[in-house]
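All values derive from a computational prediction rather than experimental measurement. To find a chain, count down the sequence lines: A is the first, B the second, and so on, and within it residues start at 1.
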There are 4 protein chains.
Amino acid sequence: MTESPEIPQTQTGGAKPKTAGRPRNEGVRRAILQAAYAILVEQGLADFTIEAVALKSGVARTTIYRWWPTKGVLAMESFLEAFRPQLAYVHTDNAAEDFRNLINSLVNTLSGPAGKIAASVVAEGQRDAETRRLFVEAFSEPLRQESTRLIRKGLEQGRFREDLDISLVLDAAVGAIYLRLLLCLPIDPTWSSSLSVTLLLGIERG
Amino acid sequence: MTESPEIPQTQTGGAKPKTAGRPRNEGVRRAILQAAYAILVEQGLADFTIEAVALKSGVARTTIYRWWPTKGVLAMESFLEAFRPQLAYVHTDNAAEDFRNLINSLVNTLSGPAGKIAASVVAEGQRDAETRRLFVEAFSEPLRQESTRLIRKGLEQGRFREDLDISLVLDAAVGAIYLRLLLCLPIDPTWSSSLSVTLLLGIERG
Amino acid sequence: MTESPEIPQTQTGGAKPKTAGRPRNEGVRRAILQAAYAILVEQGLADFTIEAVALKSGVARTTIYRWWPTKGVLAMESFLEAFRPQLAYVHTDNAAEDFRNLINSLVNTLSGPAGKIAASVVAEGQRDAETRRLFVEAFSEPLRQESTRLIRKGLEQGRFREDLDISLVLDAAVGAIYLRLLLCLPIDPTWSSSLSVTLLLGIERG
Amino acid sequence: MTESPEIPQTQTGGAKPKTAGRPRNEGVRRAILQAAYAILVEQGLADFTIEAVALKSGVARTTIYRWWPTKGVLAMESFLEAFRPQLAYVHTDNAAEDFRNLINSLVNTLSGPAGKIAASVVAEGQRDAETRRLFVEAFSEPLRQESTRLIRKGLEQGRFREDLDISLVLDAAVGAIYLRLLLCLPIDPTWSSSLSVTLLLGIERG
DNA sequence: GCCTAAACGAGACGGTACGTCCGGTCTTATG
DNA sequence: CATAAGACCGGACGTACCGTCTCGTTTAGGC
């Protein structure tokens with residue numbers, strides 16, 4: 001099942017706006033997020049300025065400021081927009097297989113453009129605590145919880161070591177990906193499967 | 001043995017300068033590096049500007065520009081200056097023990113101020129390729145090579161799995177540390193030893 | 001008649017602004033021009049920096065750059081602003097008298113603060129061709145044309161030598177003033193009337 | 001007779017230096033003055049920096065500072081060096097003729113490179129009083145005195161109006177030249193002779 | 001239809017930091 | 001001493017963005 005759980009929305013999520021006045025232009029919102037995404041992917045963090053996003057999206061600078069408090073939050077939201085549909089949390093009755101699939105899916109996604117954005121968001125998070133918090137809450141934690149659930153299943157099935165430190169396994173798995181992402185080291189499918197194999201060596205019951 | 005291998009020096013390494021003209025003022029160099037370090041540790045990347053470094057160190061802005069092409073390189077050098085003496089590569093006849101020690105030493109160092117600097121440098125590396133390159137070459141790679149040597153010893157001793165993907169183990173170990181560093185998650189000795197234990201599970205011969 | 005002919009305006013001359021966006025703050029514009037004027041008069045060209053003008057006027061440096069491309073143009077405009085209302089082109093039926101009045105009016109004006117500005121603008125014009133051009137077009141030429149008209153009248157009236165080289169007379173008259181201005185030699189009413197007398201000796205019909 | 005009276009020398013004027021230590025290198029002095037001259041003529045006041053002069057002359061910056069307190073003084077001296085030999089003060093028994101010759105000689109000289117330097121020095125004199133003073137004392141005044149002498153002769157000979165304001169005639173003559181120089185208006189031999197003719201109209205006895 | 005209120009575009013403005021150019025002063029080595 | 005070389009401090013430059021502000025214009029829903 002593909003799913004994207006508990007991700008907070010910046011935009012008005014639910015029912016009818018109800019409020020008076022001109023309603024928010026959804027096209028403008030998308031244009032901004034896409035421009036942000038494109039700049040981050042094609043040019044990089046250094047060229048990611050509100051000015052540039054405004055120019056590229058053809059939107060007034062003030063409109064961006066109206067909806068996003070900082071660059072980091074904008075980057076984060078454009079990351080989520082692009083990333084959310086891609087990650088697969090599959091649950092079969094083989095936990096090891098599921099774990100492999102999860103890692104592969106994650107690596108697959110992050111080895112593409114989404115990875116560049118993720119790295120940018122993390123970097124921006126070093127300047128701005130709010131961005132960091134958002135990244136952890138809206139992306140890192142949900143991913144972690146879902147993965148934890150998956151590993152627990154393996155434990156219950158008796159396939160995984162019962163003394164396993166789940167949190168640490170996830171640190172190692174995700175950390176390895178971030179490391180290569182941030183240092184611009186190559187990430188290919190070979191590496192990916194090698195990662196799950198190596199990790200499973202320490203995870204699966206001897 | 002404590003050792004710091006192959007790290008390129010910015011300052012004139014060896015004998016007599018011999019060059020004409022007023023010699024470089026070593027005190028000024030140190031003042032700049034210390035100011036950079038202090039700002040990064042106490043205030044963070046957002047306040048790390050050449051302007052601020054100049055102010056804090058009491059040195060003219062132009063003098064900083066004379067020696068460091070970008071903020072990233074300056075951050076990197078101030079990181080190395082502070083980090084170099086701290087990391088221990090110990091070689092005993094017990095490879096697993098050595099590995100544990102290496103991880104602990106690395107975590108110890110990076111859980112302190114040096115870790116904040118490292119995170120800043122990595123973040124800055126997302127803006128500027130030169131900074132990233134420098135970080136990899138002057139810090140990441142040497143560390144990796146030394147660690148690889150250490151693990152190879154374990155392989156030769158027959159203690160470690162012979163099908164081990166060394167590079168990947170290092171990705172996982174170091175990546176886990178960076179991950180927590182960059183997301184400002186707590187890193188304590190318990191976590192540290194737990195990390196080596198978990199990794200060794202996948203490393204040591206069943 | 002007092003008149004100020006054909007001087008190009010920087011600000012929107014006529015009707016409705018009509019333009020979108022926040023309208024230009026006229027007070028800011030005046031503050032800048034006045035500060036520039038004051039610095040040139042009280043401190044001189046050496047202290048006339050954009051920085052100083054910004055400080056004195058209490059306006060952001062960038063705002064100055066938004067409207068004036070160079071210091072010279074700023075100096076020039078502040079000169080015009082202050083000078084324009086002061087010069088009198090009087091036309092009676094006595095051309096000699098008119099000429100005398102013109103010279104006196106010019107000397108009067110330029111022996112005050114406006115003269116210091118004029119000298120500064122001319123000096124700045126040695127560094128920057130645009131400033132020079134502006135001075136010639138917006139000040140020198142209009143003055144010259146008006147004076148030429150006046151002298152022509154004297155020719156038509158038969159009061160002035162018919163072989164008179166008008167341009168040259170103006171070179172001599174205006175040049176004499178600039179000379180003393182630029183060399184900081186005293187300019188007083190006595191000198192002024194002496195100037196018109198001497199020049200008229202060569203102008204009027206024997 | 002060609003002559004250059006009372007011009008103060010910056011460099012060691014006369015006899016033997018006698019002093020201990022390495023003697024001043026005359027070649028260096030010339031190289032600096034020539035470089036200064038060349039820059040002023042070919043590039044203009046804006047590019048006339050100590051830095052540029054040092055570069056062009058192949059001399060260390062400090063050497064320039066040792067001998068010339070300011071750029072203005074350097075420009076002035078390089079002007080004098082180049083100008084001095086060119087001006088002719090001829091005395092015949094025809095004062096009008098002499099006057100014409102003087103004007104022509106002056107215009108001739110100043111319509112070439114020397115004129116650009118003169119304009120630069122005058123401009124620089126607006127920033128720095130010392131430069132202005134030097135220009136007046138070392139160039140303007142001597143020229144004025146010599147010219148005054150010449151005109152007095154005409155008065156004594158009864159050729160010139162006895163109520164002539166000599167100083168003012170000179171203001172007009174020299175001022176006219178400066179005016180065109182500073183505004184970069186063309187100065188040609190026709191204009192030159194026209195100038196003396198026009199001025200003589202007001203000078204010579206009716 | 002008119003009114004109200006918010007969205008949006010446009011651009012002025014006060015700021016901060018950038019990276020550079022020069023100006024002066026100094027320190028050291030060499031001639 | 002004179003000169004070369006170059007480090008250093010400092011002021012100003014002109015630029016890029018930032019975030020805020022003040023306008024005018026547009027676009028809905030509610031009266």
Open item on the list: Within the 4.5 Å heavy-atom criterion, are D:E77 and D:R29 side-chain neighbours or not?
Closed with: yes

Open item on the list: Side chain of D:T62, heavy atoms from C-beta onward: which of E:dA7, E:dC26, F:dT15 has the nearest atom to it?
Closed with: E:dC26

Task: Minimum-distance nucleotide (side-chain atoms of C:I50 versus F:dG14, E:dG14, E:dC22) - done: F:dG14

Task: Atom-to-atom span, CD1 of B:I64 to C1' of F:dA7 - whole angstrom - done: 14 Å

TODO: Grab the CG-C1' distance between D:L55 and E:dG23 for me, whole Å please.
DONE: 16 Å

Open item on the list: Taking the minimum atom-to-atom distance to the side chain of C:Y65, which one of E:dT28, F:dC13, F:dA7 wins?
Closed with: F:dC13

Open item on the list: In whole Å, I'd like the distance from the CD atom of A:E130 to the P atom of F:dG19.
Closed with: 14 Å

TODO: Mind calculating the distance between CH2 (A:W68) and C1' (F:dG19) to the nearest angstrom?
DONE: 17 Å

TODO: Using whole Å, report how far CZ of D:R127 lies from P of F:dA12.
DONE: 12 Å

Task: Min side-chain heavy-atom separation A:W68-A:I32 under 4.5 Å - done: yes

Task: Closest to the A:T49 side chain, choosing from F:dC18, E:dC13, F:dC8 - done: F:dC18

TODO: Can you measure from CD (C:E124) to CG (C:L134) and round to the nearest 0.5 angstrom?
DONE: 12.5 Å

Open item on the list: Judged by each residue's nearest nucleotide on DNA chain F, which is more toward the 5′ side, B:R66 or C:R22?
Closed with: B:R66

TODO: Nearest-nucleotide wise, let me know which of D:R61 and B:R61 is further upstream toward the 5' end of DNA chain F.
DONE: D:R61

Task: Interatomic distance, B:D128 CG vs E:dC18 P [rounded to whole Å] - done: 14 Å

Open item on the list: Of the listed nucleotides (E:dA17, E:dG23, F:dA4), which one gets closest to any side-chain atom of D:E51?
Closed with: E:dG23

- [ ] State the CD1-CG distance between A:I117 and A:L45, to the nearest 0.5 angstrom.
- [x] 9.5 Å

Task: Residue whose nearest DNA chain E nucleotide is more 5′ - B:T70 or C:T63 - done: C:T63

TODO: Would you indicate, yes or no, if F:dA7 has its OP1 or OP2 atom less than 4.0 angstrom from a side-chain nitrogen or oxygen of B:W67?
DONE: no

Task: Interatomic distance where NZ belongs to C:K71 and P belongs to F:dG11 [whole Å] - done: 16 Å

- [ ] State which of E:dG23, F:dG10, E:dC13 makes the closest approach to the side chain of B:A60.
- [x] F:dG10

TODO: Quickly work out the B:L74 CG to E:dC18 P distance and round it to whole Å.
DONE: 11 Å

Open item on the list: Looking at A:L182, is its backbone amide N or carbonyl O close enough to the side chain of B:Q126 to form a donor-acceptor pair, meaning the two atoms are under 3.5 Å apart?
Closed with: yes

